[in-house]
Amino acid sequence: MKPILTAVTAVALVAVGLPAVAQNAGQIARVRGGSSCAGCNLFQAALSGLEVRGLDLSGARLRQADLSLAVMNRTRFSNADLRDVEAYGGVFSGSSFSGANLTNANFVGAYLEGAAFSGATLTGVNFSGATLRRATGLTQARLNQACGDEATQLPGGLSIPAC
């Protein structure tokens with residue numbers, strides 16, 4: 001009976017005491033320094049105000065990261081986990097969000113001219129006041145899962161529900 005109790009105790013300690021997948025401070029520092037980091041674990045990274053361009057963050061885990069007021073033009077976020085990201089006022093001109101999961105992300109006031117959204121999950125995304133006029137890969141079906149306001153600028157023929 002003793003081995004069973006030991007195994008149960010070990011499982012209980014792991015479940016209670018450790019986060020599932022913590023952020024990687026070294027990888028976050030690399031991105032802050034302007035380096036690409038495809039597939040990196042940038043969970044809850046504080047990247048507010050970062051000014052970089054052309055980074056490859058494809059497949060990276062940026063869930064709950066703070067990208068507010070960041071300028072990240074031509075950055076590849078393809079297939080990245082951007083759930084619950086705070087990107088208020090960010091500038092992402094020409095960036096690729098193709099295949100990315102943007103569930104519940106906040107892009108209020110963001111500049112997304114020329115950004116690519118083909119295959120992106122937009123459920124619960126707030127695009128209020130965002131500029132998306134020349135964005136590609138947006139469909140009415142995907143935008144119906146997001147929200148915006150009268151200041152949201154979309155490509156011709158598309159609309160977005162109010163938040």
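Checked by atom type and distance alone, the side chain of N73 pairs as donor or acceptor with a backbone atom of S93 at under 3.5 Å. Side-chain N or O atoms of Q64 include none that pairs as donor or acceptor with a backbone N or O of F43 at under 3.5 Å. A donor-acceptor pair is defined here as one N or O able to donate and one able to accept, closer than 3.5 Å; such a pair exists between the side chain of R142 and the backbone of G137. At distances below 3.5 Å, not a single donor-acceptor pair connects side-chain atoms of S96 with backbone N or O atoms of S78. Of the possible donor and acceptor atoms, one in the side chain of D149 sits under 3.5 Å from a partner among the backbone N and O of G129.
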**OP:** Begin with the C-alpha distance, continue with both residues' side-chain angles, and end with the deciding distance and a verdict on side-chain contact (heavy atoms from CB on, under 4.5 Å) for L132 and L158.
**Re:** CA-CA 11 Å; L132 296 137; L158 296 174; over 6 Å; no
Subject >> Full working for side-chain contact (heavy atoms from CB on, under 4.5 Å) between F107 and L102 >> reply: CA-CA 10 Å; F107 282 94; L102 300 166; 4.1 Å; yes
Subject >> Worked verdict on L47 versus R32 for side-chain contact (heavy atoms from CB on, under 4.5 Å) >> reply: CA-CA 7 Å; L47 302 172; R32 279 192 196 130; 3.7 Å; yes
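For T123 and Q145, the side-chain atoms include at least one donor-acceptor pair closer than 3.5 Å.
How far CD1 of I160 is from CD of Q140: 8.5 Å, rounded to the nearest 0.5 Å. Atom OG1 of T103 sits about 3.5 Å away from atom CG of N101, to the nearest 0.5 Å. One distance of note links CZ of R74 with OG of S95; it measures 9.0 Å at 0.5 Å rounding. Remark: N106 CG to F127 CZ distance equals 10.0 Å, nearest 0.5 Å. The distance from the CG atom of L154 to the CZ atom of R133 is 10.5 Å, given to the nearest 0.5 Å. Rounded to the nearest 0.5 angstrom, E86 CD and N126 CG are separated by 9.0 Å.
Taking every heavy atom of both residues into account, G54 and T75 meet most closely at N-OG1, 3.9 Å. The shortest non-hydrogen separation linking F92 to A115 is O-CB, 4.0 Å. Listed here is the closest heavy atom pair of S68 and S48: O-OG, 2.9 Å. Residues T136 and A116 come closest through the heavy atom pair OG1-CA, 3.5 Å. Here the closest heavy-atom approach between residue L112 and residue A130 is recorded as CD1-CB, 4.4 Å. When all heavy atoms of A60 and C37 are compared, the pair lying nearest together is CB-O, 4.1 Å.
The same ILVMFWY cluster, assembled from side-chain heavy atoms under 4.5 Å apart, contains both L57 and V52. With hydrophobic clusters built from ILVMFWY side chains whose heavy atoms lie under 4.5 angstrom apart, L50 shares a cluster with V85. Tracing side-chain contacts under 4.5 Å through hydrophobic residues (I, L, V, M, F, W, Y), one never reaches V91 starting from L69; they form parts of separate clusters. Note on I28: it clusters hydrophobically with L82, by side-chain heavy-atom contacts below 4.5 Å among ILVMFWY residues. Taking hydrophobic clusters as Ile, Leu, Val, Met, Phe, Trp and Tyr residues chained together by side-chain heavy-atom distances below 4.5 Å, F77 does not share a cluster with V108.
Here the side chains of L138 and L122 are in contact, with some heavy-atom distance below 4.5 Å.
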